Amino acid sequence: MPNTRDRWNSQVGFLFAAVGSAIGLGNIWRFSYMCHDNGGGAFLVPYFVALLAAGIPLMLLEYGFGHSRAGSAPLSFAKVGQKSEVLGWFMPVMVMFVIMLYYSVVIAWCLNYLVFSFDLSWGADTESFFYNNFLKLSEGPGQLGDVRLPILLSSLVVWFIIWIICFKKVSHGIERACKIFMPTLFLLTAVLVIWGLQLDGATEGLRYYLRPDWSRLKEWKVWNDAFGQMFFSLSLGFGIMIAYASYLPKRANIVGNAYLTSVINCGYSFFAGFAVFSVLGYMAQVSGVPIKDVVAGGPGLAFVVYPRAISLLPAFNSLFGVLFFLILVIAGISSGISIIEALGSAIQDKFSINRFRVITLLCVTGFLGSLLFCLQGGLYWLDILDHYSNNYGLVAAGFLECLIVGWAVKTHLLRKHINDSSTLKINRIWDFSIKVITPLILGSFLVGALYHEFAERYEGYAIKYLVIGAGWLLFLLAAAVFISRLPWRAGSLKREHSSRGGKLLT
Ligand code: PHE
């Protein structure tokens with residue numbers, strides 16, 4: 001069979017798709033409350049350090065690795081060795097069967113809230129509306145309760161949209177969708193920021209968002225949060241950027257694209273924070289409550305505090321609500337499609353199954369899996385699984401990526417490949433960070449997270465639920481081991497071997 005790997009139509013198309021994957025729900029509400037919870041403006045320091053010490057080096061690694069091996073994560077790692085292939089499977093499998101299952105449901109909530117915006121159906125008590133009327137939240141993770149039909153229906157819509165975009169070849173589906181989604185997203189966000197900044201009390205909100213509390217920089221948690229946020233936000237350790245880079249042409253400007261993706265993503269988070277906090281400032285002023293009392297972290301920010309603020313706006317409340325939730329939906333879907341692509345391309349590479357079938361199967365399984373989070377007790381499971389995937393799964397994936405690429409593959413050869421394809425160049429500092437600095441930092445976070453895990457029960461959940469959460473991740477690891485042992489469809493590994501930079505293979 002000839003090498004039929006799909007290609008992006010243009011570099012801009014690739015950039016939009018990569019930025020689309022990076023910018024997601026995590027940038028809009030997660031970044032804002034992370035910043036606010038971890039010392040306001042002072043959080044930008046560890047965040048910036050995380051960008052330089054892990055974000056950019058790993059982005060270069062994933063782009064360079066996927067591009068030189070011309071394969072999805074498993075195929076690229078299989079070229080290093082069969083043991084490494086396990087990591088190549090673990091990344092997209094974990095993201096698909098943990099993160100994506102709840103992520104799609106959060107996009108579904110946004111879709112519901114977009115509709116609620118038309119008549120501000122959340123009423124005056126938005127907190128009770130969210131937990132009691134909308135989620136009908138049960139008492140704990142042990143009580144799964146019934147399926148929430150409105151959530152299930154919008155989750156079905158979300159998966160259907162993802163399926164429609166993904167089953168076509170990348171250059172027709174994902175690339176085209178992101179070329180429309182991303183400019184629209186930037187435009188709508190700019191409208192929201194400008195609108196927010198005009199409101200009374202906006203400056204108070206911004207002061208609160210950015211006021212640096214330098215004393216917080218002494219805390220381990222602040223640094224851990226900054227690195228965790230960086231990984232999640234840049235979609236690193238997901239296997240996505242490896243797959244996306246494999247569709248790039250020979251001259252791909254990897255260095256420039258890696259810098260651009262990282263900087264646009266982080267800049268967007270910072271910018272979107274202005275919209276979030278100026279509105280909170282306004283709300284604090286109208287309701288006469290100090291701003292620190294109106295802000296809540298986690299899902300509370302987007303689905304409790306923000307709706308309340310929207311209702312209080314002087315005019316065009318519904319329009320503002322639609323705009324805000326539409327932004328979340330677009331950002332969420334453009335991230336969601338990227339993980340379907342990462343796992344879909346992996347399965348295609350290994351088993352040469354027809355794309356339409358693979359994508360359909362993934363979307364159907366994804367929808368079925370997300371049913372857990374449509375249940376009344378779903379939010380607890382979201383919280384537990386998110387804890388394990390973000391604090392262990394992604395960080396461990398990044399750590400192992402550094403070790404494999406840093407030590408088993410010769411970094412200077414990969415650096416040469418990256419530089420040969422780029423106008424901007426990187427130097428030996430990159431090798432050093434991949435071999436030593438980044439794995440040291442990530443390794444210490446893993447040790448720290450384990451220490452905290454045993455020192456205190458996460459959020460006070462009963463041990464059995466935590467064991468189920470952690471056990472699910474281990475099960476997925478076992479699944480990755482199992483798949484990596486299956487044979488590659490005749491010639492697929494070998495054929496890809498010669499596709500690009502064959503001499504780089506170790
Ligand atoms: N980078 C995304 C975000 O910040 C995270 C994500 C990517 C989640 C892909 C799922 C799939 O929201």
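Ligands are counted one by one from 1 in listed order, and the atoms in each one are counted from 1 as well. Here the structure is a predicted model, which means the values were calculated and not measured.
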Check ligand 1 against [X] and write out every atom of the ligand that is under 4.0 Å from a heavy-atom position of the residue.
{"X": "G26", "value": "3 (C), 4 (O), 12 (O)"}
{"X": "F238", "value": "6 (C), 7 (C), 8 (C), 9 (C)"}
{"X": "S21", "value": "1 (N), 2 (C), 7 (C)"}
{"X": "N27", "value": "4 (O)"}
{"X": "S233", "value": "1 (N), 4 (O)"}
{"X": "I240", "value": "9 (C)"}

* Should we say atom CZ of F356 is surrounded by more than 12 heavy atoms from elsewhere, each under 6.0 Å from it? ->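 Correct, the count exceeds 12.
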
* Pair D386-Y102, side-chain donor/acceptor within less than 3.5 Å -> yes

Side-chain contact, heavy-atom cut-off 4.5 Å: [X] with [Y]?
{"X": "Y392", "Y": "H387", "answer": "yes"}
{"X": "F324", "Y": "W195", "answer": "no"}
{"X": "I483", "Y": "P74", "answer": "no"}
{"X": "L25", "Y": "R30", "answer": "no"}

* Considering only protein heavy atoms, which is closest to atom 12 (O) of ligand 1, and at what distance to one decimal place? -> Y103 OH, 2.6 Å

* What heavy-atom pair brings S370 and S104 nearest, and what distance separates the two atoms? -> CB-OG, 3.6 Å

* Side chain, backbone, both or neither: F232 near ligand 1, heavy atoms under 4.0 Å -> both

Looking only at distances, please establish whether an N/O atom of ligand 1 is found under 3.5 Å from an N/O atom of [X].
{"X": "I339", "answer": "no"}
{"X": "A22", "answer": "yes"}
{"X": "S338", "answer": "no"}
{"X": "V95", "answer": "no"}
{"X": "S335", "answer": "no"}

* To do: Working to the nearest 0.5 Å, report the span between CG of L52 and OG of S433.
  =>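 Between L52 CG and S433 OG, I get 10.0 Å after rounding to 0.5 Å.
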
* Partner of F116 by ring pair (Phe, Tyr, Trp, His ring centres under 6.0 Å), out of F325, F303, W109, F134 -> F134

* Asked: Does ligand 1 have an atom that lies less than 4.0 angstrom from a heavy atom of N265?
  -> no

